[in-house]
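What follows is a set of notes on a single structure, which appears directly below.
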Amino acid sequence: MHEVSAAPAAHHGPPTTFIRKHVFSTDHKVIGIQYYHLALVAVVVGMVLSWLMRIHLGWTNAAIPGLQALSANGAPGGVMTPEYYLQLMTMHATIMVFFVLTTAPFAAFGNYFLPIQTGAEDMPFPHFNMMSFWVTLTGFLVLVSAFFVSDGPPLAGWTSYAPLSAIGKAAGPGQGAGQVIWATALGIFCVGQLLGALNFISTVLDMRCKGMTLSRLPVSAWAWFITSCMGLTAFAVLMPACILLILDHVAGTSFFIPSGLVINDQLIPHSGGSTLLWQHLFWFFGHPEVYIAIVPGMGIVTHVLVTNMRRPMLSMKAILYSMWALAFLSYMVYGHHMFVSGMNPFSSLVFSFPTLMITIPSTIVVLIWIGSLYGSQLRINTASLFALGFISMFVSGGVSGFFLAQPSIDIMLHATYFVVGHFHMVMGVAAMFGIFSGTYFWFPKMYGRMMDETLGKIHFWLTFVGTYCIFMPFHYLGWAGNVRRYAAFTDDYLKPLIPLHQFISVAALFTGAVQLIFIYNFINSRFRGAPAPPNPWEGTSLEWIMPSPPPWNNFGGKDPVVYHDAEQYGVKTASGADYIMQNSPEQALPGGDGD
Amino acid sequence: MATTLPPPKAGELEQPERPGNGSTGNGGWQNLVPADGNLRTIEEYSPPPSSSAIWVGIAAICMSFAAFTSALIVRQGASNDWRHITLPSILFLSTMLLVASSVTLEVARRRVAAHMGGLTSQAVSSKLWLYMTLGLGLLFVAGQYMAWLQLRSEGLYLATNPNSSFFYVFTALHALHVMGGLAGLGRVIRKLGLGTLRRSTLDATSIYWHFMGALWIYLFLLLWMRI
Amino acid sequence: MGKFLAVTIIVIAIASAIPVVMHTWEPPADISTHGHLIDSQRDDTMIEAGVSFLAAQILLAIFIWQFAGSKREGKRKTFPGGAKGLVGAALVLVGAEVLALGAFGTKAWATVYFTPPKADAMPIQVQAGQFAFYFRYPGPDGKFGPIHPEMINEGTQNLFGLDPEHDVESRDDIVTAEMAIPVNKEIHLLMHAKDVSHSFYVPALRVHQDFVPGLDLSLHFTATQVGKYEIVCSQLCGLGHYNMRAYLEVMSQADFDDWQKKQAAAQ
């Protein structure tokens, strides 16, 4: 090799300035923490929005103190107008789905732990990774800016069905600038996530350390890998949809706007567009997105459980194949969101069967979790409590899928609170429990300090009971035909349901307040928690071989060598420990549990 | 489930030092542990990640344009307002330019390979071929802009009819991706000058560039055909 | 703490099931000829889903109770049948369950969507706009006049954009704000969206269909009970979405004829 030298460009030296260390850092760990903090900010915004919505739904004419300051038009005298309710609802959903449920379990924990668990020093493209975060943050700021334009945020819901979302100002408050801002923010978000997914996939394919075969990857790393494969394909479809939607707004094109629409006696000057096209594009992205939110949670929970059960899963392979099956099926089922939308009724049947089939891999995962508990030495700590809570929530939310997968029953349940209860339970609460489980589990590694277990357990108990009190009644409401996205319940058959709404609102305010315990615990432990040992939970995967928090170059410039999978629990060793670290050449002695 | 190996001899596998070929990983997907589990037979280091990442990126771009294609097909069938536009003739020329640029890049790539293999004589000429590719790419982008001007003079704007809408969207997004490729080429030229170019960077850039050519031909046919 | 969690899970599971078993919150009673198919499919599914739900939660609770904090002596106990048994059970039992649900559900769906309306079904057109439904009856000629969107004018109450001067069929069309139908008579509902997507949801009729702008769909159903029912919009259509509704009045044939005469006179 002449002249053409081979400087290892992907290797960076230790960051020296504050900016390089904490702001524009290319270190995957810093980026992971930045993502986590972004999700934390976003979840607080989203939760406050849900509070406001729940107060309004329980007591429609209640004046909410301070709300007028946020929007004088939207809440004159603090009483929310119906359109402002819809605007807050749209923002709540968009912020939660994109900037919490996608960023926290996938981008935040994935960034931090995927390279570590694969034994890599960093992601292969650290600059792309840094861009990924800053682009995502830009998307968040752009989205939030919708609160500050004159008409406020869009009111078309997170699904933003055309033509309501495409016509512009005439369709309603927020449908002009607000909707364009919304679509722009999501387009930006897609770019950020595509850059992230590219890094994640390359990390798993090419950056694994010696001996880290695919079958030895910890299950959480697998979950992030599967999720990034889904993200790569799903976000690549949402972005074109957003581009076309923006063009319908600003350039006068007619991708989604058909001819002959009349608003306020004015003919809309568009022609020939297809409203169902938006639904097809959106749900082709939208259904995988649901799994993007939940699959990392499944991975985290499996990882936490296997560590705390002190035994291998009955079959990790079954869990992995099931997660792949979920990812694959998620692309074939999106039509179940459109059973009564005017899609060909034959297509509804075609989409119904794969949707029902999704039950099979989901059941396999649940049964393997539950079956593995049998004969385990389950350690109860906050992380494992949230993991067990995840299983309970996942089951509760999952069984309502039986109903929604069938077009005939969907005639009664479509667009009711039953659907809202279903997805809040699965991709909302269950995914949230996955995030909490991961937080209590990995906090010591990320911040070098232990979290307060007592406060953590209080947080778990109140959250577990509270979320059931909120989201189980959602199913009853939907069962009785309560339509979603109503700012108030004025129909005769809905009026008897208002007390149930008030119960939910009280539960939601309470459960939301409980999250302040978590935030206090998080901040307090960050600065005053007990220093964390390298391996507080006696785990086997590679994140536990490094100090807490890890140095900038993860393994101190050396590559670890891996000899085992991450499930060497409940074994007999010479040292008396019941586990073997992945990088330890030690062999289990005969006479362990598994023998 | 539990896979374990016989322990290696002391020091045999202890934390190998990195070789200086720019690779950062060392157990890549082309480098799996064989079925018998013998760690000693696997290669020390896997190819650099850009060689697989480029395909991952291409997959994402394919997905986006697949979504656009289905949008085009649905939109065409949704209404009878579709007016087929005659594509500007300059597109035939710019297509030729893009094909030619793929050829020049391939020549350049081989020369750099030979140069890296020790043939110093190729150093200057490979750079020349790279500059040619860059020039052809810029001409292509200019050609797309001329095509827009041509359509505009015919009174066909973005919102005139669905076919022209898709034409502008496709050409604009493709041109944006081509410009990304041009930036990549610029980076390759700079690194070649500095002597820090890696084969994998060059290979990835040229795969991307060829893909841009193939994507353009696909889009061109899609816009040209009456489906 | 593990035992406490086990008890909590079981309490929550049983508490969740009580309102379902007690039928505390039910949709309005079915008044359609096809609705019983949907209801029985829904109730069958509830049994299967309910059993799966309780079984999984209780099993989870039992194992948490049994094994939380346990220190095991000797060999590890493995779940009887192991992973193979569980995966096999999931594949066979759940597979059969969902196939059965899918197959029976198809029947209900097919009855609603794959049977064309009878030739003597009564055509009614419904137009959904922000934020009201309007209905149009074809009048004695049995034909709807064409819609001219540019002529829609709420000020002059030309809600459908009709042009009686030029279109003969429009002259006897009856436009109303509430929907009256004769009992036990099949209705062929022609759906038209004026502006954005809406939905035609009548819980009592077990009917639910979106309005798709640019695409006119149709529905058919037969009501079997005289009475007044609510038609609500379930597709987010803008700020007045929550308040968008109309009444469906099911009446005897004689009452309906009277009603129609009165409406025709008022046009």
Open item on the list: At a heavy-atom distance under 4.5 Å, which candidate from A:Thr275, A:Ile370, A:Val465, A:Val483 has the highest pair count against chain C?
Closed with: A:Ile370

Open item on the list: At a 4.5 Å cut-off on heavy atoms, which part of C:Asp44 comes close to chain A: side chain, backbone, both, or neither?
Closed with: neither

TODO: Using non-hydrogen atoms and a 4.5 Å limit, figure out which bit of C:Ala15 sits close to chain A: side chain, backbone, both or neither.
DONE: backbone

TODO: Report yes or no: do C:Gln57 and A:Ser396 form a side-chain donor-acceptor pair below 3.5 Å?
DONE: yes

Task: Pairs meeting criterion ring-ring contact (aromatic ring centres under 6.0 Å, His included) with involvement of residues 348-367 of chain A, two or more places apart - done: A:Tyr334-A:Phe351

Open item on the list: Using side-chain heavy atoms (C-beta onward) and a distance below 4.5 Å, is C:Trp25 in contact with A:Leu497?
Closed with: yes

Task: A:Asn264, CG: over 12 other non-hydrogen atoms inside 6.0 angstrom - done: no

- [ ] Tabulate, in ascending numerical order, the residues of residues 156-166 of chain A having at least one heavy atom closer than 4.5 Å to a heavy atom of chain C, or enter 'none'.
- [x] A:Ala156, A:Gly157, A:Tyr161, A:Ala162, A:Pro163, A:Leu164

Open item on the list: Ring centres under 6.0 Å, that's the criterion: do A:Phe489 and C:Tyr242 meet it?
Closed with: no

Task: Chi angles and distances behind the side-chain contact (heavy atoms from CB on, under 4.5 Å) call for A:Tyr493, C:Val232 - done: CA-CA 10 Å; A:Tyr493 81 105; C:Val232 297; 3.8 Å; yes

Open item on the list: Please classify the contact between A:Leu86 and chain C as side chain, backbone, both or neither, with a heavy-atom cut-off of under 4.5 Å.
Closed with: side chain

Task: Proximity breakdown for A:Met343 and chain C, heavy-atom pairs closer than 4.5 Å - done: neither

TODO: Could you tell me whether the side chain of C:Met1 reaches within less than 4.5 Å of the side chain of A:Trp461, counting heavy atoms only?
DONE: yes

Task: Close side-chain approach of C:Val212 to A:Leu276, heavy-atom, < 4.5 Å - done: yes

TODO: Kindly write out the residues that satisfy salt bridge (charged side-chain N to carboxylate O under 4.0 Å, His left out) with C:Glu48, not counting sequence neighbours, or none if the list is empty.
DONE: none

- [ ] Please assess C:Trp109 against A:Ser348 for the test side-chain contact (heavy atoms from CB on, under 4.5 Å), listing each intermediate value before the final yes or no.
- [x] CA-CA 9 Å; C:Trp109 180 252; A:Ser348 299; 3.6 Å; yes

Open item on the list: Determine whether the aromatic ring centres of residues A:Phe346 and C:Tyr113 are separated by less than 6.0 angstrom.
Closed with: no

TODO: Among the options C:Asp39, C:Ile64, C:Ile9, pick out the one with the most heavy-atom pairs lying under 4.5 Å from chain A.
DONE: C:Ile64

Open item on the list: Just verifying a value: how many Å separate C:Cys233 SG and A:Tyr486 OH, rounded to the nearest 0.5 Å?
Closed with: 6.0 Å

Open item on the list: With a 4.5 angstrom heavy-atom cut-off, is it the side chain or the backbone of A:Ser400 that approaches chain C, or both, or neither?
Closed with: neither

Task: Toward chain C, the part of A:Leu388 with a non-hydrogen atom under 4.5 Å - done: both

- [ ] Check each atom of C:Leu217 against the heavy atoms of chain A and say whether the ones under 4.5 Å are side chain, backbone, both or neither.
- [x] side chain

Open item on the list: Counting heavy-atom pairs closer than 4.5 Å to chain C, which one of A:Leu367, A:Thr363, A:Leu356, A:Val262 comes out on top?
Closed with: A:Val262

Open item on the list: Report which part of C:Leu215 has an atom under 4.5 Å of a heavy atom belonging to chain A: side chain, backbone, both, or neither.
Closed with: side chain

Open item on the list: In the structure I gave you, are the side-chain heavy atoms of A:Tyr476 and C:Thr24 within less than 4.5 Å of one another anywhere?
Closed with: no

Task: Nearest-0.5 Å distance that lies between atom CG in A:Leu314 and atom NZ in C:Lys84 - done: 11.5 Å

- [ ] Report yes if some heavy atom in the side chain of C:Glu26 is under 4.5 Å from a heavy atom in the side chain of A:Trp479; otherwise report no.
- [x] yes

TODO: Considering only heavy atoms, give the residues of residues 402-411 of chain A separated from chain C by less than 4.5 Å, sorted numerically, with 'none' for an empty result.
DONE: A:Phe402, A:Phe403, A:Gln406, A:Pro407, A:Ser408, A:Ile409, A:Asp410, A:Ile411

Task: A:Asp265 to C:Gly155 - nearest heavy-atom pair and separation - done: OD2-N, 4.0 Å

- [ ] Between chain A and each of C:Gly214, C:Pro149, C:Gly102, C:Ala13, count heavy-atom pairs under 4.5 Å; write down the option with the most.
- [x] C:Pro149

Task: More than 12 heavy atoms of other groups within 6.0 Å of C:Phe114 CZ - done: yes

Open item on the list: If I measure from the heavy atoms of chain A, does C:Met46 come under 4.5 Å with its side chain, its backbone, both, or neither?
Closed with: both

Open item on the list: Show the nearest heavy-atom pair for residues C:Ser52 and A:Val399, with the distance to one decimal.
Closed with: CB-CG1, 4.2 Å

- [ ] Name the orientation class of the two ring planes belonging to C:His208 and A:His414 (parallel below 30°, tilted from 30 to 60°, perpendicular beyond 60°).
- [x] perpendicular

Task: Student check: side-chain heavy atoms of C:Leu239 and A:Tyr85 closer than 4.5 Å - done: no

Task: Contacting moiety of C:Val11, where chain A heavy atoms sit under 4.5 Å - done: neither

Task: Under 4.5 Å from any heavy atom of chain A - which part of C:Tyr201 - done: side chain

Open item on the list: Which atoms of C:Leu91 are under 4.5 Å from chain A, going by heavy atoms: the side chain, the backbone, both sets, or neither?
Closed with: both

Task: Winner by heavy-atom pair count (cut-off under 4.5 Å) against chain C, out of A:Val366, A:Leu500, A:Asp491, A:Leu385 - done: A:Asp491

Open item on the list: Could you report the tightest heavy-atom contact between C:Asp195 and A:Ile167, atom names first, then the distance?
Closed with: O-CD1, 4.4 Å

TODO: State, with a plain yes or no, whether a side-chain heavy atom of A:Tyr374 is found less than 4.5 Å away from one of C:Pro80.
DONE: yes

Task: Shortest non-hydrogen contact between A:Ile368 and C:Ala83, atoms and distance - done: CD1-CB, 4.1 Å

TODO: Just give me the residue among A:Pro258, A:Gly481, A:Pro345, A:Ala415 that pairs up with chain C most often, heavy atom to heavy atom, under 4.5 Å.
DONE: A:Pro345

Task: Side chain / backbone / both / neither for C:Phe104 at chain A, heavy atoms under 4.5 Å - done: neither

- [ ] Please determine, by modelled atom types, if C:Ser234 and A:Arg485 share a side-chain donor-acceptor pair under 3.5 angstrom.
- [x] no

Task: Rounded distance (nearest 0.5 Å) linking atom NE2 of C:His241 with atom CZ of A:Arg484 - done: 9.0 Å

Task: Heavy-atom pairs under 4.5 Å with chain C, option from A:Gly342, A:Pro496, A:Ser384 with the top count - done: A:Gly342

Open item on the list: Heavy-atom cut-off 4.5 Å, strictly under: side chain, backbone, both or neither for A:Met412 against chain C?
Closed with: both

Open item on the list: Looking at C:Arg245 and A:Thr490, would you say the former's side chain and the latter's main chain have a donor-acceptor pair under 3.5 Å?
Closed with: yes

TODO: Could you grab the distance from atom NZ of A:Lys457 to atom CG of C:Leu5, nearest 0.5 Å is fine?
DONE: 11.5 Å

Open item on the list: Quick check on the interface: out of A:Ala488, A:Gly273, A:Ala480, who has the most heavy-atom pairs with chain C under 4.5 Å?
Closed with: A:Ala480

Open item on the list: Any non-hydrogen side-chain atom of A:Thr355 less than 4.5 Å from a side-chain atom of C:Val98?
Closed with: no

TODO: Heavy-atom distances under 4.5 Å only: say whether A:Leu267 touches chain C with side chain, backbone, both or neither.
DONE: side chain

Open item on the list: Treating C:Gln130 as the side-chain partner and A:Ala171 as the backbone partner, does any N or O pair qualify as donor plus acceptor under 3.5 Å?
Closed with: yes

Task: Contacting region of C:Ala61 [heavy-atom separation from chain A under 4.5 Å] - done: neither

Task: A:Asp492 and C:Tyr229 side chains, donor-acceptor separation under 3.5 Å - done: no

